[in-house]
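So you know, we letter chains A, B, ... as the sequences are listed, proteins then strands, and number each from 1.
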Amino acid sequence: MATVTTNRGAGFLLGRLDVEQQMTPEKLTAEQRMLRDTVRKFVDAEILPRMDELETLDIGLARELLQKTGELGLCMIDVPEEYEGLGLDFVSSIQGSEILSLGGGFLTAFSVQTGIGLMPMLYFGSDELKRKFLPGMASVELVSAYALTEAGSGSDALGAKTTADLSEDGESWVLNGTKQFITNGGFADVFTVFAQVDGRQFTAFLVERDTPGFTVGPEEHKLGIKSSSTTSLSFEDCRIPKGNIIGEVGQGGKIAVNVLNLGRLKLGISAIGSAKEALEVSVRYALERKQFGRAIAEFGMIREKIAEMASRIYAGESSMLRTSGNVQEAMHAGDEAGGASANSAMRTALREFNVECALEKVHGSEVQAYCVDEAIQIHGGYGFIEEYKVARTYRDARISRIYEGTNEINRMQIAGDVLKRAGKGALDMDAALSEAPGSEISDQFGALCDIAEQVDRTRAVARGIIKMIVEQSGGEGAKRGGDQELLQRLADIIIAIYALESAMGRAVQARRAGDTNADEFEAMTRVYAAGVAPGVRRNARETVALLTADGADEAAASEIAALAEPPAVNAIALRRVVAEAIIEREGRWFDC
Amino acid sequence: MKIVVTIKQTFTTEAKIAVDGGAISDKGIKQIVNPYDEFAVEQAIKIKESGGAEEVVVLTIGPERAGEALRQCLAMGADAAFRVWDDSLAAPGAWDVYATVLAGALEKMKPWELLLAGWVAVDDNAAIVVQRAAETLGIPQVLVVNKLDVGDGKVTAVREMDGYREVVEAPLPALVTADKALNTPRYPTLPNIMKAKRKPLTVWTLEDIGVTAGSAGFTRTGLALPPAKTGAKIVEGEPEEAAVALADLLHTEAKVI
Ligand SMILES: Cc1cc2nc3c(=O)[nH]c(=O)nc-3n(C[C@H](O)[C@H](O)[C@H](O)COP(=O)(O)OP(=O)(O)OC[C@H]3O[C@@H](n4cnc5c(N)ncnc54)[C@H](O)[C@@H]3O)c2cc1C
C-alpha cells in the first residue's frame, strides 16, 4: 500500500501516516520553545504563588493575571497584525494552552479569552467590529466571554431560546433571554451571545457589559476550577447597535460549531498538560514516600500506573501535535488565499478537521481523567487532603469531559461525521478489509512495523464497520447513526487508531533523527498499543454482533472480529521498561 | 555607553545529572542561560532602559545550540549577540583557553565600558573564566555584587559580606559579576521573542578574533558524580538524653571528639 496524503480531515482512515510530514513536539521552533519557557516562568512566578487567593475567586486578581497574559502577548498569537495582534502560527498558540493548565481554573479563563471568546470575532466579525474590539481582546484590555448555553439547552446548543429582534427603527437588535454557566461572566467586558432571530435563525451578537438591560447573575459554586468565574446572564429588552452582529443572520450555528472545533483541540492540549503535571507530582511523591521500608516507586503496581500514565500522555501529546500541525497547514493555505477569501478558507480549515478536534477533546480529557485519578491513588490518603496539590488537580480535571461539548456529544460527532462523509462517498471505504497489512511496512516504520500492522488492522476494523453501517443505512449512514451505542464504539476505535498511529509516527521520526528519547518513545508506543488493543476487540465484537443480528454479512463480521484480535505481547515487561525510564527522570516530561 | 554581557549556556540545576563517557550526558537535559548570567543581562537592560547605556551586547563561547541562549538574551532586550566557536573548544575543562578566547573577543568588540557576567556558572561552579579574561584585559573587577550603580565613569557596587556590606568603586571599563539579589530577571514577552529573531547574531571563529587555540595550561583528567550521601542518623528522644547519645556517637562512631 502506498502512503497517501492523509493530512486532510479524517484522512487517517484512508491510509497510512506520512511520518515525515507529521508535526511533533520535537519539531517546535526555537521561538516556540522560548515561548514555553516564558509561560512556565509566568506560571511559577505569578500564578502558583497566588493559587489560594485565586481559588477564593478573587475576580480582581483573576483579571489582573489575565491581563498579564495579555502583556506577555499570549492572547495576540492568533490575531492578525492589522488588528494589533502578532499573526503567528497555530502551533505557537497552543503552547500557552498547554502550560497554563498548571493554573487550574485560571486556564479556563484564559482559554475563553484566547479561544471561544475571541474566535467568533476573529473569523466571522466584520472589519468594523474587528477594528473596534480585536485589539482590546488581543491585549486583554477587554476580557471576553462566549454565551451559548442556556438552562434548557446545553448539549442541544442550537435549541437556545434567547431571541434577538430588530428594533422598530431598524437601528438596533433587542435581546431577550437568559444564558447559563458562562465562563468569565463575572468580569468580562464583551460577550459573544447566540440568539434566535425571528425565532429560528440562530445568530451571534456582540454585547458589551454596560449595555442597559443586560445583567450578570451570581457566581456558581463549583466542584472544581473554582478560580474561574461562572455566571448566568440575562437580557431584558437589551438593545445593542445593529452593527454588533457577528457574521450574518442565520450563521450562528456555523460560528458556534467552527469555533468549538478549535476550542476542543485546545482543550485536549490543556488536558494533556495537566496530565503531565499529575504524572510528575506523582512520581516525585512515589520516590519520597516510604512504606514497608521501601519507596513506593519500587512497587510493581505503582510502577505500572506510572507506565500507563506516561504512555497515554505520550500518545495524547503526539496526536495533539499532529492535529495542530495539520490544522496549521490548512490555515496557512487559507492565509495564502488572501483577502476576504482568507477568512472563508480559514473557516473551511476549521471544519475540515472536526473529526480530529472532537477526538482530541475526548482523548485528551480521558487521559487527563485517568492520570489525575491515579495521581490521587499514588498519593494514598494524602491525595485526599487539600494540602496536597493533586486534590485540586483532580477536581479541576472533571469539567474537561463536560464542557465544549460533553464527551458523549463529541463521540457522536466523531463517528457521525465519519459516517456522513463515508455515506456521501467523501471517504472511500471500498478498499476496506482488502488493505494488505504488511506491505513495504518495514521501510516506513522501522522497528515499529509490528505496531504499524496493528494500526493497519485496526483501521481495517473501523473501515469494515463503517461500510456495514453505511450499507445497513441504505447508503446514507443516517439510519444506524441513530444507534448511539454503535457510534460510541466506532468513535472509540477511531480514537485508538489515530492516537496509536500518532504515537508510533513520533517514535519513528525520533529514531530517524537520532533523538536521545527514541528508546522511550518506542517503549511508550508499545505500551499504548497493548493498552488499547483489548478495547478495540471488545468494541468491534459488540458492534458486529449487533450488526449481524440485524442482517449484516456474517463472513465480513467474522473477518472484522479476527482483525480486532489483540497481538500477543508481553505487556507487563513493556510497562516495566517505561516505568523504569520515567522514574529515572523523576517524572519530568520529555520537554523540548 | 556600551555594555557587554558574557553568558554561558548550561543545563538546568533541576536536571538529573548523569555522567556518560567522561562528559555530562545531554539526555533528558534542558539547556538554559546560566541563571546568574540572567541577572547580569537583566542589569544591563535596566541600565540601558534608565538611560545609562546605549547598547547591550551579549557574548558567549559555545556550539551552535548556545545560539538559543543568546536568542533568549536578545528576547529579554539585548541588542546584538556574538558567539565564538571552534571545535577544538569542545575539550572539557579548558578554562584557561576559554579565558583567552573571551579576552580576544572582548578585545575585538571594543570600545565598551562595562563588562557584566554572572558570578558563577551553575554547571562547573568554577567562577574563573570571565575573571581571567578581565585580568588579561587589565581591567578592574568587582565580583559577586548585589547592588550596582553606574555613572560618572565609574561603578559603585555593593557586596554582601558575612555580617557587613562592602561598597566598592571602580573606574570604567570594569568587570562586575552578579549575584542573585541584584534584580529579578524578566521573562521575554512573545512580541520580543519574535523581534529577537531579527536582531543580529554574529558567529566568530578563532581566526576572526585573532586567537590561536593553543593548548590548555591544565586539563581535566576525569569527571564523576559526588559519591551518594550515606545514611544520616537522627538522634531522637528528650533533649538531655539525645545530647548524651549524640556525644557518644560522635565519640565512638564518628570518632571526631
Ligand atoms: C464550569 C462551566 C463552565 C462553562 N462555560 C461555558 C461558557 O463559557 N459558555 C457556554 O456557552 N457554556 C458553558 N458551559 C456549559 C457547558 O458547555 C454545558 O454544561 C455542556 O455543554 C453540557 O450541557 P448541559 O449542562 O445542559 O448538559 P445536558 O445537555 O443536559 O447533558 C446531560 C447529560 O446528557 C448527555 N446527553 C445530552 N444530549 C445527549 C444526546 N443527544 N445523546 C447522548 N447523550 C446526551 C450529556 O452528554 C450529559 O451526559 C459551562 C459549563 C460549566 C459547568
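- Heavy atoms of other residues, nucleotides or ligands lying less than 6.0 angstrom from CZ of A:R576 number 12 at most.
- Between chain B and the residues A:I77, A:V39, A:L35, the most heavy-atom pairs under 4.5 angstrom are made by A:L35.
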*Start with the C-alpha gap between A:W589 and A:E317, add the side-chain angles, then the distance that decides, and say whether side chain to side chain donor-acceptor pair (under 3.5 Å) holds.*
CA-CA 11 Å; A:W589 197 245; A:E317 183 182 59; 2.9 Å; yes

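- Scanning residues 83-96 of chain A against chain B with a 4.5 Å heavy-atom cutoff picks out A:L86, A:L88, ordered by number.
- Residues forming a ring-ring contact (aromatic ring centres under 6.0 Å, His included) with A:F521 (at least two apart in sequence, or on another chain): A:Y314, A:F590.
- By the 6.0 Å contact criterion, NZ on B:K180 is open, its count of non-hydrogen atoms from other residues, nucleotides or ligands being 12 or less.
- Using a 4.5 Å cut-off between heavy atoms, A:E31 touches chain B through backbone and side chain atoms alike.
- In this structure, no portion of B:A18 lies under 4.5 Å from any heavy atom of chain A.
- Side-chain N or O atoms of A:T114 include none that pairs as donor or acceptor with a backbone N or O of A:C75 at under 3.5 Å.
- Between the side chain of B:D248 and the backbone N or O of B:A245, no donor-acceptor pair lies under 3.5 Å.
- Proximity to chain B among residues 511-519 of chain A is limited to A:T516, A:N517, judged by heavy-atom separations below 4.5 angstrom.
- Heavy atoms only, all atoms of each residue included: A:S97 and A:S270 are closest at O-OG, 2.8 Å.
- With contacts defined as side-chain heavy-atom distances shorter than 4.5 Å, the pair B:W112/B:L106 qualifies.
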*Going through the checks in order, is the salt bridge (charged side-chain N to carboxylate O under 4.0 Å, His left out) test met by A:R131 and A:E82?*
CA-CA 9 Å; A:R131 282 196 193 289; A:E82 55 175 317; 3.7 Å; yes

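- Side chain to side chain, A:E46 and B:Y187 meet the donor-acceptor criterion of an N or O pair below 3.5 Å.
- Nearest heavy-atom pair, B:V19 versus B:L223, reported as atom, atom and distance to 0.1 Å: CG1-O, 3.6 Å.
- Side-chain atoms of B:D179 do not come within 3.5 Å of backbone N or O of B:A181 as any donor-acceptor pair.
- The contact list for residues 63-74 of chain A toward chain B, using heavy atoms and a distance under 4.5 Å, reads A:E71, A:L72, A:G73 by residue number.
- Comparing A:M34, A:E586, A:E520 by heavy-atom pairs within less than 4.5 Å of chain B, the highest count is held by A:M34.
- Checked by atom type and distance alone, the side chain of B:K199 pairs as donor or acceptor with a backbone atom of B:L74 at under 3.5 Å.
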